[in-house]
There are 2 protein chains.
Amino acid sequence: MTAMDPLFKGSTPMLILSVLVEKPMHGYAIAKEIEQRSADFLRFREGTLYPALHEMERKGWIAGRWEVTDGGRERKVYAITPLGLRELERQQHAWRRFSRALEAVIGRKSSEGGLETCTT
Amino acid sequence: MTAMDPLFKGSTPMLILSVLVEKPMHGYAIAKEIEQRSADFLRFREGTLYPALHEMERKGWIAGRWEVTDGGRERKVYAITPLGLRELERQQHAWRRFSRALEAVIGRKSSEGGLETCTT
DNA sequence: TCCGATGCATCTATTATCAATATATCAGAC
DNA sequence: GTCTGATATATTGATAATAGATGCATCGGA
């Protein structure tokens, strides 16, 4: 995650699940995919990514399996589970709800004050 | 903050600044205002609110002043500072940027997969 | 051989809440 | 006067989620 703000905390699992729902991927590729989709805005550190993957596996949201690439390299590919799919939906819904609520607070000031947001 | 998700962490200062930009308020009223605006979705615990206010005061984003109400009751009223105003703008901008990036990741799955989000 | 890319892992420090708790005082009901 | 609820503030320890720092391994190309 971009070292910008505490605002961004907590979204790691949802992001990971979001890319895994399309197809199974190994850790490094997950990070790359998210990075690419967000135009390099969202980035993981290893210290965040791998513990998160392990935790999600422990929770049963994803399942990991070691594979060997053509080049003979090993990597662990993760796939989303039905439980993970449900969790993703829950988090998406929560996110949308939260986002709306937040906008209701910060957005209302915008519509009333006007000055600051004109410069935003 | 509603005890829902780690997704919601980190937005406390921005929310507080958002209400203070309209007019000075004491702690309890700030919490009430945010709660009301978000239709009871966003709520603070005292353990979060007051340390956050103190920290923001220490950072110079807000300034507090003890007042006495008509009923003779004391309370500490906080007002946003110019520095706080700038910080609010920064955080709003960061939030909007982050929000867009997040949607780019989770939203893209939605538009492609279709099934899950149809039920969202 | 060396370097960069790919790929994974782990640990500590930091940060931001959550939970739990406590104190104080006003206002209204009994 | 007493009790209860609302108002108002404060603090502390536990917990969770990163950020930073580091390390290991291996393939591919120069």
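Convention: sequence-line order gives letters A, B, ...; per-chain numbering from 1. Fair warning: this is a prediction, and the values are worked out from it, not measured in the lab.
- Look at T12(B) and you'll find a side-chain N or O under 4.0 angstrom from OP1 or OP2 of dT17(C).
- Residue W66(A) contributes atom CH2, which lies 5 Å from atom P of dA9(C) at whole-angstrom precision.
- Of all nucleotides listed (dT10(C), dT17(C), dT11(D)), dT17(C) comes nearest to the side chain of T48(B).
- Within the structure, a side-chain polar atom (N or O) of R75(A) is placed less than 4.0 Å from OP1 or OP2 of dG7(C).
- Residues F44(A) and T12(A) share a closest heavy-atom pair of CE2-CG2, 3.5 Å.
- Across dC8(C), dG20(D), dT9(D), the shortest atom-to-atom separation from the side chain of Y28(B) is found for dT9(D).
- When rounded to the nearest whole Å, the span between OH of Y50(A) and P of dG20(D) equals 18 Å.
- Atom CG in L49(A) sits about 20 Å away from atom P in dG23(D), given to the nearest Å.
- In this structure, the CZ atom of R65(A) is 13 Å from the P atom of dC8(C), given to the nearest Å.
- We find that CZ of R58(A) is positioned 10 Å from P of dA17(D), with the value rounded to whole Å.
- Neither OP1 nor OP2 of dT26(D) sits under 4.0 Å from any side-chain N or O of R73(A).
- Atom C1' of nucleotide dT7(D) and atom CZ of F44(B) are separated by 18 Å, given to the nearest angstrom.
- Taking atom CD on E46(A) and atom C1' on dA19(D), their separation rounds to 11 Å, with Å as the unit.
- Across all strands shown, G47(A) has heavy atoms under 4.0 Å from base atoms, whether or not it also approaches the sugar-phosphate.
- Considering only side-chain N and O atoms, H54(B) lies under 4.0 angstrom from the phosphate OP1 or OP2 of dT11(D).
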